[in-house]
Amino acid sequence: MPELPEVETIRRELEPLIRGKTFARPILHISSTVEYPTPEEFTAGLEGRTVSALTRRGKYLFINLDQGILTVHLRMTGNLVYSEAGRPREERFLRASLPFMDNTALHYFDMRRFGRLWLVIDENELNRLVLKRVGPDIFNEVSCEDFLAMLDQRRPSKLKALLLDQGFASGMGNIYTDECLFRCGLHPERRVSSLKHAEAEELYRAIQDVLADGIRYGGTTFRDYRNASGALGEFQSKLDVYGRRNETCRCGTAIEKKVVAGRGTYYCPRCQK
DNA sequence: AGCACCACCTGTGGGC
DNA sequence: TGCCCACAGGTGGTGC
């Protein structure tokens, strides 16, 4: 489900709703939702902690506390939903309930159960246990100059694989990668090493633009994504290629789909070189 | 190093 | 019409 714009949408919406609130005792409906520490340590450690700020790196959301950092990764189908009243309307796929002292709550839903929660004591532990292989946030922490310097001209991989590599830079997922490559007219199978300087700059620009647009429209609901209020995103109506196999590109050519870097990849064979 | 493949899960839509 | 299985916004491990 969620790529950078979806997580950022949740972050922006959630922060004013929960900043200053204090957690009551969490209920883990599926204990494997907690990756670290043990479920018992997680519930005991979160109870009584107060939210100070919400931050993000790539697809990771950090709920910073007066002591420690509650970390969330939604993977494919996770939803983090804030509810005014204590209990959610629909309990199917509810994996964890994180109530606050004032009887509001954060509910974590996840159909496929891939998403995870962590409770770490500080940034040091966060970097060591969670963010070992997570590169800088592509939207907030990488300037054009940085990006050009990061592009290793000897790197043999394809553009699609580069952008999906969270260790290179974090936040891009399958949808925004395809949309970004369409926007800058680069083929997903182009080799990183073949990029000219101007093309690399256009790629950087397209990444920033597509992510900004995704955030502006509240993310993409292709299937399951919901924001922190349970509402749908709206960027799906702006997609140029993703999910549009056999539809016509604005150039008149049919959009194709093939597997690149192990992921279903949509592109225009005429516009993208 | 990078890539292909599997694993983790559940649901569903497209093809036969 | 109905059934089945390929595939789905992600990532981590393994082995080549």
Side-chain angles (χ1 to χ4, degrees), chain A residues 1-10 29-36 56-61 71-80 90-96 108-118 129-135 138-139 150-181 188-193 210-211 213-215 217-227 232-239 241-247 257-266:
Chain A
M1 153 181 108
E3 305 178 34
L4 185 153
E6 288 74 36
V7 180
E8 178 63 12
T9 297
I10 292 170
H29 309 287
I30 301 279
S31 61
S32 59
T33 300
V34 173
E35 177 82 20
Y36 179 88
R56 184 188 56 70
R57 178 152 149 209
K59 304 168 192 173
Y60 288 85
L61 178 68
T71 302
V72 182
H73 196 302
L74 305 168
R75 293 283 179 93
M76 292 288 267
T77 55
N79 298 150
L80 197 58
E90 164 71 67
E91 302 206 0
R92 201 152 90 117
F93 310 132
L94 181 60
R95 307 308 185 200
Y108 180 67
F109 297 86
D110 194 343
M111 181 180 80
R112 292 176 72 181
R113 304 190 195 182
F114 290 166
R116 289 293 180 267
L117 307 176
W118 296 256
L129 296 177
V130 187
L131 302 179
K132 269 179 297 194
R133 295 186 195 90
V134 179
I138 190 71
F139 194 60
M150 285 158 64
L151 284 179
D152 182 351
Q153 292 304 308
R154 294 163 305 179
R155 192 178 177 114
S157 57
K158 298 168 181 174
L159 289 182
K160 175 96 179 190
L162 177 83
L163 297 181
L164 289 177
D165 178 357
Q166 304 297 297
F168 169 72
S170 58
M172 295 293 281
N174 206 31
I175 294 178
Y176 292 94
T177 293
D178 285 2
E179 292 300 308
C180 150
L181 291 172
E189 295 183 292
R190 263 291 285 281
R191 299 287 162 179
V192 176
S193 57
V210 80
L211 293 175
D213 286 349
I215 294 167
Y217 286 95
T220 303
T221 299
F222 200 72
R223 299 175 77 99
D224 306 295
Y225 169 71
R226 300 292 184 277
N227 69 19
L232 309 182
E234 294 179 4
F235 193 65
Q236 59 277 13
S237 65
K238 311 291 174 189
L239 298 176
V241 288
Y242 187 86
R244 305 189 59 185
R245 176 167 50 171
N246 294 336
E247 290 183 42
K257 180 188 183 189
K258 71 184 294 192
V259 175
V260 179
R263 311 295 299 280
T265 299
Y266 299 86

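Chain letters run A, B, ... following the sequence lines, proteins first and then strands; every chain starts at 1. All heavy atoms count here, side chains included; hydrogens, waters and symmetry mates do not.
Nearest-nucleotide positions on DNA chain B for R191(A) and R95(A) put R191(A) closer to the 5' end.
For dA1(B), neither phosphate oxygen OP1 nor OP2 lies less than 4.0 angstrom from any side-chain nitrogen or oxygen of K158(A). Taking 4.0 angstrom as the limit, H73(A) places none of its side-chain polar atoms (N or O) nearer than this to OP1 or OP2 of dG10(C). The shortest distance between the side-chain N/O atoms of R133(A) and the OP1/OP2 oxygens of dG13(C) is below 4.0 Å. Phosphate contact (OP1/OP2 of dT11(C), side-chain N/O of Q166(A), threshold under 4.0 Å): present. For K257(A), no side-chain nitrogen or oxygen approaches OP1 or OP2 of dC7(C) to under 4.0 Å.
Screening D178(A), L162(A), I138(A) for a side chain to side chain contact (heavy atoms under 4.5 Å, CB included) with M172(A), the sole residue that qualifies is I138(A). For the pairing with K160(A), the side chain to side chain donor-acceptor pair (under 3.5 Å) check across D165(A), T177(A), N174(A) returns one residue only, N174(A).
Across all strands shown, dC9(B) forms no Watson-Crick or G-U wobble pair with both key distances under 3.5 Å.
The separation between R245(A) atom CZ and dG13(B) atom P is 15 Å, rounded to whole Å. Distance, I30(A) CD1 to dC9(B) P: 10 Å, rounded to whole Å. A straight line from CZ of R75(A) to C1' of dG12(C) spans 7 Å, rounded to a whole angstrom. N79(A) places its CG atom 15 Å from the C1' atom of dC9(B), with the value rounded to the nearest Å. The interatomic distance linking L164(A) (CG) with dG2(B) (C1') rounds to 14 Å, in whole Å. The interatomic distance linking R223(A) (CZ) with dC9(B) (C1') rounds to 14 Å, in whole Å. D178(A) has its CG atom 11 Å from the P atom of dA8(C), to the nearest Å. At whole-Å resolution of the value, CG in L162(A) and P in dG2(B) are 9 Å apart.
Nucleic acid contact for K132(A): none, since no nucleic acid atom lies under 4.0 Å from a heavy atom of the residue. When heavy atoms are screened at a 4.0 angstrom cut-off, R113(A) is found touching the sugar-phosphate backbone but no base atom. If you check every strand for non-hydrogen atoms under 4.0 Å, F93(A) touches sugar and phosphate atoms only.
Listed nucleotides: dG2(B), dG11(B), dG10(C). Nearest to the side chain of R92(A): dG11(B). Listed nucleotides: dT10(B), dT11(C), dG13(C). Nearest to the side chain of M111(A): dT10(B). Here the side chain of S157(A) is nearest to one of dG2(B), dG13(C), dG10(C), namely dG2(B).
Comparing dC9(B) with dC4(C), their P atoms are spaced 24 Å from each other, to the whole Å. Using P as the reference atom, dC7(C) and dA4(B) are 15 Å apart when rounded to the nearest Å. Between the P atoms of dA6(C) and dC5(B), the separation comes to 14 Å (whole Å).
Between the side chain of R112(A) and the backbone N or O of G78(A) there is no donor-acceptor pair closer than 3.5 Å. No donor-acceptor pair under 3.5 Å is formed between the side chain of Q166(A) and the backbone N or O of G135(A). Panel note: side chain T9(A), backbone P5(A); a donor-acceptor pair is recorded below 3.5 Å.
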Take Y36(A) and T71(A), measure what side chain to side chain donor-acceptor pair (under 3.5 Å) needs, and give me the verdict at the end. CA-CA 10 Å; Y36(A) 179 88; T71(A) 302; over 6 Å; no
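Relative orientation of the H73(A) and Y60(A) rings is perpendicular, given thresholds of 30° and 60° on the angle between their planes.
Counting atom types as modelled, R112(A) pairs a side-chain N or O with a base atom of dC9(B) as donor and acceptor under 3.5 Å.
Stacking annotation: F114(A) is not stacked on the base of dC9(B) (requires ring centroids less than 5.5 angstrom apart and an interplanar angle below 30 degrees). Per the stacking criterion (ring centres < 5.5 Å, plane angle < 30°), F222(A) does not stack onto the base of dA8(C).
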